[in-house]
Amino acid sequence: MDLAEVLIFDLGWIFFAAWGMVLAAVTAIAFGRDLFSPFPQRGRDPERRSV
């Protein structure tokens, strides 16, 4: 491979690594409460009041 092909190859890997990190961040922001909650919520409890 010549230098131009190596550069395109490396830029492709960097792009897809960055894109994966963006997707992981968006997923963590959108579903963070569901994915990382220490106590998952089990539906509505009518006797429990929200604070």
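Relative ring orientation between Phe9 and Trp13 is described as perpendicular, the plane-to-plane angle rising above 60° on a 0-90° scale split at 30° and 60°.
In this structure, CG in Leu7 is found 11.0 Å from CD in Glu5, a value given to the nearest 0.5 Å.
Atom CG of Leu11 has more than 12 neighbouring heavy atoms from other residues, nucleotides or ligands inside a 6.0 Å radius.
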